[in-house]
Amino acid sequence: MKHLSSLVLMLYALGGVVFCLAVGIVMAQVRPYSMIMPSMDHGLILDWLLASLGGKSGSMLLSVWFLALCAAVGVLVLNLCCCAWTKLLPRLQNGTRVHSWLLLLAHVLMILILLGHLSQMTLGFKQEGIKLLPGQSRTLPGDLRIAVEQVHYVNDPKLLNLPYRRARQVHTVAAFDRQKNVARVAVWQGAQRVETAELRILEPLVKNGLRLTLSEFYRDDSQGRSRVGAVLTASHNPLTGLFFAAYLAWVATYLLLTVQAFVRKPPTLGNG
């Protein structure tokens with residue numbers, strides 16, 4: 001237990017995470033991995049990983065890289081748990097110093113955050129890149145259905161469907177009115193309409209655990225006339241609220257630790 005809670009193991013685990021992330025950055029710039037990596041975010045990572053390991057999609061090398069990253073993070077979680085148990089908890093028995101409580105809380109919250117990331121990859125469902133024109137709908141797991149009733153796009157439709165880099169250059173604040181460009185959507189649970197809302201970029205709809213996000217607009221010319229549709233991301237995770245709450249609490253805890261470090265008086269040295 002002592003070795004598992006050591007600072008050396010933590011540094012090795014962090015080094016492994018940084019190394020894996022650096023390798024991932026390089027792979028994201030090289031084909032065919034640059035073409036495969038975006039598919040990792042189209043749904044749950046678990047579904048992608050199982051399909052990749054089964055040879056149905058993805059790349060075996062990319063799967064090995066991701067498993068190595070998960071292993072490094074797993075070692076870091078184990079180190080945090082052991083450190084909290086063997087080093088921080090005994091400190092509380094010797095007194096009720098606020099600093100010791102904050103350190104323990106920071107470790108526990110970080111563990112919860114990492115477990116929250118695991119839940120985001122394995123629980124519920126996620127569907128990204130759902131393209132719907134007004135009047136179209138998509139069925140989701142759990143007897144859910146989302147329908148786009150109306151799209152109100154006030155800017156020039158010629159700006160849509162540009163290549164990614166070009167689109168990032170032209171979609172400035174002046175060229176894209178975030179408040180006026182909206183998509184009106186309805187959420188159905190079976191035969192019952194449970195919600196109707198206007199979605200804007202960066203303003204998702206959250207209803208009964210379902211998170212519906214407007215990612216972008218797109219132009220469709222297949223019917224001989226130009227129509228504008230919405231690209232949506234639908235996800236559902238029962239622990240999303242706890243996940244974001246843990247993040248906020250972790251940030252607040254480290255702010256308190258920082259303030260405490262600045263206001264704490266340095267120890268005075270005795271004479272002789």
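As the structure is a prediction and not an experimental result, all values here were calculated from the model.
Leu210 is connected to Leu199 through a chain of hydrophobic side-chain contacts under 4.5 Å among Ile, Leu, Val, Met, Phe, Trp and Tyr, so both are in one cluster. In the hydrophobic cluster analysis, where Ile, Leu, Val, Met, Phe, Trp and Tyr join through side-chain heavy atoms closer than 4.5 angstrom, Met121 is grouped apart from Leu242. The hydrophobic clustering, which links ILVMFWY residues whose side-chain heavy atoms are closer than 4.5 Å, places Leu21 and Leu61 together. Tracing side-chain contacts under 4.5 Å through hydrophobic residues (I, L, V, M, F, W, Y), one never reaches Val26 starting from Ile36; they form parts of separate clusters. Cluster annotation: Leu255 and Ile113 are assigned to the same hydrophobic cluster (Ile/Leu/Val/Met/Phe/Trp/Tyr, side-chain heavy-atom contacts under 4.5 Å, transitive).
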**Asked** Would Cys83 and His107 satisfy side chain to side chain contact (heavy atoms under 4.5 Å, CB included), going step by step from the backbone distance to the final call?
**Response** CA-CA 8 Å; Cys83 180; His107 279 64; 3.8 Å; yes
**CA sep, side-chain torsions, deciding dist, call: Gln127, Leu140, side chain to side chain contact (heavy atoms under 4.5 Å, CB included)** = CA-CA 8 Å; Gln127 292 187 18; Leu140 301 175; 3.6 Å; yes
**Request:** Start with the C-alpha gap between Asn237 and Gln120, add the side-chain angles, then the distance that decides, and say whether side chain to side chain contact (heavy atoms under 4.5 Å, CB included) holds.
**Result:** CA-CA 7 Å; Asn237 187 294; Gln120 296 292 312; 3.8 Å; yes
**Prompt:** Does the side chain to side chain contact (heavy atoms under 4.5 Å, CB included) test come out yes or no for Tyr12 and Val8, once each step is laid out?
**Reply:** CA-CA 6 Å; Tyr12 274 119; Val8 174; 3.4 Å; yes
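By the salt bridge (Lys or Arg N to Asp or Glu O under 4.0 Å) test, Lys180 is found to be paired with no residue, residues two or more places apart in sequence or in another chain being considered. A search for side chain to side chain contact (heavy atoms under 4.5 Å, CB included) contacts involving Val228 returns Val151, Tyr153, Pro157, Leu160, Phe217, not counting sequence neighbours. Listed by chain and residue number, Leu109, Thr253 satisfy the side chain to side chain contact (heavy atoms under 4.5 Å, CB included) test with Leu105 (two or more places apart in sequence, or in another chain). In this view, Tyr254 and Trp250 satisfy the ring pair (Phe, Tyr, Trp, His ring centres under 6.0 Å) rule, not counting sequence neighbours. Checked against side chain to side chain contact (heavy atoms under 4.5 Å, CB included), Leu46 has the following partners two or more places apart in sequence or in another chain: Leu50, Thr122. Ala252 is linked by a side chain to side chain contact (heavy atoms under 4.5 Å, CB included) to nothing, counting only residues two or more places apart in sequence or in another chain.
In the hydrophobic clustering (ILVMFWY side chains linked at under 4.5 Å, chained through shared members), Val18 stands by itself. Grouped with Val231 in one hydrophobic cluster are Leu133, Tyr218, the linkage being side-chain heavy-atom contacts under 4.5 Å among Ile, Leu, Val, Met, Phe, Trp and Tyr residues.
Looking at Thr233 and Leu212, their side chains never come closer than 4.5 Å, going by heavy atoms from C-beta outward. Side-chain contact check for Trp188 versus Thr139: every heavy-atom pair is 4.5 Å or farther apart. Taking 4.5 Å as the limit, every side-chain heavy atom of Pro134 sits out of range of all side-chain heavy atoms of Glu149. The shortest side-chain heavy-atom distance between Met37 and Leu62 falls under the 4.5 Å cut-off. At a threshold of 4.5 Å between non-hydrogen side-chain atoms, the residues Ser63 and Leu49 count as touching. When side chains are defined from C-beta on, Val148 does not count as touching Ser137, because their heavy atoms never get closer than 4.5 Å. A heavy-atom distance below 4.5 Å is not found between the side chains of Arg227 and Arg219. Thr213 places none of its side-chain heavy atoms less than 4.5 Å from the side chain of Ile201.
The structure places CG of Leu232 at 7.0 Å from OG of Ser215, a figure rounded to the nearest 0.5 Å. For the atom pair CZ of Arg211 and OG of Ser235, the computed distance is 6.5 Å after rounding to the nearest 0.5 Å. Separating the CD atom in Glu198 from the CG atom in Leu214 is a distance of 11.5 Å, to the nearest 0.5 Å. Here the CG atom belonging to Leu118 is positioned 10.0 Å from the CG atom belonging to Leu239, to the nearest 0.5 angstrom. Distance check: Leu9 CG to Leu14 CG gives 9.5 Å after rounding to the nearest 0.5 Å. Taken from NZ in Lys207 to OG1 in Thr196, the straight-line distance is 10.0 Å, to the nearest 0.5 Å.
Remark: Glu195 does not engage Arg193 in a salt bridge, criterion side-chain N to carboxylate O under 4.0 Å.
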Got a list of side-chain donor-acceptor pairs under 3.5 Å for residues 64-80, not counting sequence neighbours?
from  : atom 1 : to    : atom 2 : distance (Å)
Trp65 : NE1    : Cys20 : O      : 2.7
Asn79 : ND2    : Leu4  : O      : 2.8
Asn79 : ND2    : Ser6  : O      : 2.9

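With Gln189 contributing its side chain and Gly142 its backbone, the two residues share a donor-acceptor pair below 3.5 Å.
For residues 232-258, the set of pairs meeting the salt bridge (Lys or Arg N to Asp or Glu O under 4.0 Å) definition, not counting sequence neighbours, is empty. Listed by first then second residue, pairs satisfying salt bridge (Lys or Arg N to Asp or Glu O under 4.0 Å) with a partner in residues 230-258 number zero, not counting sequence neighbours. The list of salt bridge (Lys or Arg N to Asp or Glu O under 4.0 Å) pairs with a residue in residues 119-146, not counting sequence neighbours, reads Asp41-Lys126.
Heavy-atom minimum distance, Pro238 versus Leu123: CD-CB, 4.5 Å. Nearest heavy atoms, Met27 versus Tyr33: O-CB, 3.3 Å.
Classified by interplanar angle (parallel below 30°, tilted 30° to 60°, perpendicular above 60°), the ring pair Phe125/His236 is parallel.
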